[in-house]
**Q** 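Quick one: this structure, given as C-alpha cells, is what I'll be asking you about.
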Protein chains: 2
Amino acid sequence: MTFAEENYLKTIFYLEQEATEGVSTSAIADYLDTRAASVSDMLQKLAKKELIEYKKYYGAILTHNGRNHAILVIRRHRLWETFLVEKLHFGWEEVHEVAEQLEHIKSEKLINAMDKMLGYPKIDPHGDPIPDANGNFTKIEKRLLADCEEKWTGTIVGVKDTSSDFLKILDRKQINLGTVFYILNKEKYDGSIRLKIEDESIALSQKMASNIYIKVISMQNSE
Amino acid sequence: MTFAEENYLKTIFYLEQEATEGVSTSAIADYLDTRAASVSDMLQKLAKKELIEYKKYYGAILTHNGRNHAILVIRRHRLWETFLVEKLHFGWEEVHEVAEQLEHIKSEKLINAMDKMLGYPKIDPHGDPIPDANGNFTKIEKRLLADCEEKWTGTIVGVKDTSSDFLKILDRKQINLGTVFYILNKEKYDGSIRLKIEDESIALSQKMASNIYIKVISMQNSE
DNA sequence: TTAAAATTTTAGACAAATCTAAATAAAATA
DNA sequence: TATTTTATTTAGATTTGTCTAAAATTTTAA
Ligand SMILES: [Mn+2]
Ligand SMILES: [Mn+2]
Ligand SMILES: [Mn+2]
Ligand SMILES: [Mn+2]
C-alpha cells in the first residue's frame with residue numbers, strides 16, 4: 001500500500017461520514033487538493049484492488065478491507081499526534097503536518113508499542129477518537145459551535161480544521177479542549193458568535209465557529 | 001529530497017569511508033540491491049543537484065552539501081533506533097528495518113526533540129555514533145574481531161551487519177555490546193574463532209567475526 | 001600492445017502518480 | 001423535453017525511479 005493510496009482511503013473514510021451516497025470524485029479532489037482526473041484514475045485503481053466499491057459517475061464507498069485500512073492509518077495518525085504532544089511537548093497546532101508523514105510508517109509492533117507507552121489514549125490532541133488495535137473507537141458526542149444558540153453554556157471538545165493556521169488563532173484566543181464558554185451573542189446577519197470565557201469576551205466568525213466542536217452543558221441562561 | 005535520493009546519499013557516505021577513490025556504481029548497486037543502470041541515472045541526478053561530484057566511469061564523492069544531508073539522515077536513523085530500544089523496548093535486532101522508514105521523516109523539530117528526550121545519546125544500539133544537531137560525531141575506536149589474535153581480551157563495541165538475521169544469532173550466543181571475551185583459539189585454516197565469555201566457550205565463523213567490532217583490552221594471556 | 005572481460009553508461013520501456021485538455025455523461029434549467 | 005451547465009472520465013504528457021538490452025569505456029590478461 002503506497003502513501004498515495006493510504007491518503008485516498010483515509011479521505012474517503014472522512015467524506016463517507018458526511019455523504020449519504022458514494023463519495024464524489026470532486027469531493028475527494030477538493031479535500032486532497034488534486035485534480036478530478038487524478039482522483040478518477042486512483043478510484044479505478046483502488047476498485048481493482050477491492051479497497052473501494054466504485055461505479056463510474058456515482059462515486060466510491062469503502063469495502064470492508066478498505067475501511068479497515070483507513071482506520072489503521074487514522075489510528076497511526078492520531079497516536080503519533082498524541083505522542084508528539086504528550087512526550088515531545090509539541091503544541092496541538094504543530095502535530096498534524098508531521099503526523100501526515102508518520103501515519104505511513106508500516107510496523108504493527110511500533111504502533112502498538114506507542115499505544116502502550118501512551119497508556120492507550122482514547123482521544124487525540126484535537127479531540128478525535130483513536131481507534132484501538134482492533135479498529136474500534138467510540139463516537140464522540142459533539143456538535144458544531146456554529147449550530148448553537150445564544151445563552152447556551154458548553155465546553156470545547158474538538159476541532160474540525162486541524163491546520164496550524166487555525167489552531168494558532170484558537171491559542172491566541174485561549175480556546176483549548178476543555179475550555180468552558182457561555183454564548184453571549186449570535187449575530188443573525190453573518191453567523192458570528194461572541195463567547196464569554198473566564199470573564200473575557202471573545203469574538204468568532206461563522207467560519208471559525210463552524211470548525212469548532214462543542215458539547216452542550218446547558219441551554220439555559222446561567223448568568 | 002526524496003526517499004531514494006536520501007538512501008543514495010547515505011549509501012555513498014558509508015562506502016566513502018572504505019573506498020580510497022570515488023565510490024563506484026557497482027558498489028552502490030550492490031549495497032542498495034539495484035541495477036548499475038539505475039545507479040548511473042541517479043548519480044547524474046545527484047550531480048546536477050550538486051550533492052555529489054561525479055565523473056563518468058570514475059564514481060562519486062559527496063559534496064559538502066551532500067555529506068551534510070547524508071549525516072542528517074544517519075542522525076535520524078540512529079536516533080530512531082535508540083528510541084525504539086530505549087523507550088519502546090525493541091530488541092537491537094528489530095530496529096533497523098523500521099528505522100529505514102523513519103529516517104525519511106522531515107521535521108527538524110521532531111528529531112531534535114527526540115534527541116533531547118533520549119538525553120542526547122552518543123551511540124546507537126549497534127554501537128554506531130549518533131551525529132549531533134551540528135552533524136558532529138566522534139569516531140569510535142574499534143577493530144574487527146576477525147583481525148584479532150589468540151589470547152587477546154576485548155569487549156564488543158559494535159556490529160557491522162545490523163540485520164535481524166545476524167543479530168538474532170548473536171543474541172542466542174549471548175553476545176551484546178559491552179560483552180567481554182577472551183580469544184581461546186583462532187583457526188588458521190578457515191579463520192574461525194573460539195571465544196570464552198563468562199566461562200562459556202563460543203564458536204564463531206570467519207564471516208561472523210568479520211561483522212563484529214571490538215575494542216582490545218589486553219593482548220596478553222590473562223588466563 | 002592488442003584482445004577479451006568486466007564495468008559503466010545510454011536507449012528505450014514501464015509503473016506510479018500527477019497534470020491539462022478534450023470527450024462524455026449527468027444534472028439543472030429553460 | 002431540449003438545451004445548457006456541471007461533473008466526471010478518457011487521452012495524452014510529465015516526473016521519478018526502476019528495469020533490460022545494447023553500446024561505450026575501462027581494466028585485465030594474453
Ligand atoms: Mn491530524
Ligand atoms: Mn488530530
Ligand atoms: Mn540501522
Ligand atoms: Mn544502528
Side-chain angles (χ1 to χ4, degrees), chain A residues 1-13 15-16 18-62 66 69-70 73 100-101 103-106, chain B residues 1-13 15-16 18-62 66 69-70 73 100-101 103-106:
Chain A
M1 188 87 55
T2 66
F3 284 26
E5 286 172 338
E6 289 190 337
N7 286 334
Y8 273 89
L9 290 182
K10 197 178 55 154
T11 300
I12 296 167
F13 182 87
L15 297 176
E16 251 185 9
E18 286 159 20
T20 44
E21 313 275 311
V23 178
S24 75
T25 301
S26 53
I28 297 170
D30 237 57
Y31 191 93
L32 288 177
D33 199 23
T34 58
R35 299 307 173 144
S38 311
V39 175
S40 223
D41 281 351
M42 181 58 95
L43 291 185
Q44 300 185 41
K45 202 170 74 173
L46 293 175
K48 198 148 63 186
K49 291 193 177 188
E50 301 193 324
L51 293 162
I52 61 171
E53 277 177 53
Y54 172 59
K55 214 181 112 197
K56 271 181 195 170
Y57 293 101
Y58 292 92
I61 56 171
L62 294 168
H69 202 98
V73 177
E100 284 293 307
Q101 297 180 62
E103 71 186 5
H104 302 293
I105 302 295
K106 272 94 180 164
Chain B
M1 189 84 56
T2 65
F3 284 26
E5 285 171 340
E6 288 189 339
N7 286 333
Y8 274 89
L9 290 181
K10 198 179 52 156
T11 300
I12 296 166
F13 183 87
L15 297 176
E16 252 185 7
E18 286 159 21
T20 45
E21 314 274 311
V23 178
S24 75
T25 301
S26 53
I28 297 170
D30 238 54
Y31 191 93
L32 288 177
D33 198 24
T34 57
R35 299 306 173 145
S38 311
V39 175
S40 222
D41 282 349
M42 181 59 94
L43 292 183
Q44 300 186 41
K45 202 170 72 172
L46 293 175
K48 198 148 63 185
K49 291 194 177 187
E50 299 192 327
L51 293 162
I52 61 171
E53 277 176 53
Y54 172 59
K55 214 182 112 197
K56 272 178 196 172
Y57 293 101
Y58 293 93
I61 56 170
L62 294 168
H69 202 97
V73 177
E100 283 294 306
Q101 297 179 62
E103 72 187 4
H104 302 294
I105 302 295
K106 272 92 181 166

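Numbers restart at 1 for each chain; the letters A, B, ... are given by sequence-line order, proteins then strands.
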**Q** Taking the side chain as C-beta and beyond, is there a heavy-atom pair between A:Met42 and A:Leu46 under 4.5 Å?
**A** yes

**Q** Would a distance-only check, ignoring hydrogens and angles, find a side-chain to backbone donor-acceptor pair under 3.5 Å from A:Ser38 to A:Thr34?
**A** no

**Q** Out of D:dT10, D:dT8, C:dT9, which nucleotide sits closest to the side chain of A:Gln44?
**A** D:dT10

**Q** Send over the distance from B:Met1 CE to D:dT16 P, rounded to a whole Å.
**A** 13 Å

**Q** Please classify the nucleic acid contact of B:Ala36 as base, sugar-phosphate, or nothing, using heavy-atom distances under 4.0 Å.
**A** base

**Q** Are B:Lys10 and B:Phe13 in a cation-pi contact, defined as NZ or CZ under 6.0 Å from the six-membered ring centre and within 45° of the axis?
**A** no

**Q** Please report the interatomic distance CD1(A:Ile52) to CG(A:Leu43), rounded to the nearest 0.5 Å.
**A** 4.5 Å

**Q** Hey, is the side chain of A:Thr25 poking within less than 4.0 Å of OP1 or OP2 on D:dT9, counting only N and O atoms?
**A** yes

**Q** If we ignore hydrogens and angles and just use 3.5 Å, is the side chain of B:Glu6 paired with the main-chain N or O of B:Phe3 as donor and acceptor?
**A** no

**Q** Rounded to the nearest Å, what distance is computed from the CZ atom of residue A:Phe3 to the C1' atom of nucleotide C:dT18?
**A** 17 Å

**Q** Whole-Å distance between D:dT10 C1' and A:Asp41 CG?
**A** 8 Å

**Q** Could you tell me whether B:Tyr8 contacts a base, only the sugar-phosphate backbone, or nothing, with contacts defined as non-hydrogen atoms closer than 4.0 Å?
**A** sugar-phosphate

**Q** Could you tell me whether the side chain of B:Lys56 and the main chain of B:Tyr54 form a donor-acceptor pair under 3.5 Å?
**A** no

**Q** Could you state the atom-to-atom distance from CE of A:Met42 to P of C:dA16 in whole Å?
**A** 10 Å

**Q** Let's go through A:Glu5 and A:Lys49 carefully: what are the C-alpha distance in whole Å and the side-chain angles of both, what is the deciding distance for side chain to side chain contact (heavy atoms under 4.5 Å, CB included) to 0.1 Å, and is it a yes or a no?
**A** CA-CA 11 Å; A:Glu5 286 172 338; A:Lys49 291 193 177 188; 2.7 Å; yes

**Q** For DNA chain C, whose closest nucleotide is more 5', that of A:Glu5 or that of B:Leu43?
**A** B:Leu43

**Q** Rounded to whole angstroms, how far apart are CG on A:Asp30 and P on D:dA7?
**A** 10 Å

**Q** Would you mind building the protein contact string for nucleotides 20-29 of chain D? One character per nucleotide, 5' to 3', B for base within reach (heavy atoms under 4.0 Å), S for sugar-phosphate only, - for untouched.
**A** BB--BSS---

**Q** Over how many whole Å does the gap from B:Ile28 atom CD1 to D:dT18 atom P extend?
**A** 12 Å

**Q** Round to a whole Å and report the spacing from NZ of A:Lys48 to P of C:dA15.
**A** 10 Å

**Q** Measure NZ/A:Lys55 against C1'/D:dT9 and give the value in whole Å, please.
**A** 15 Å

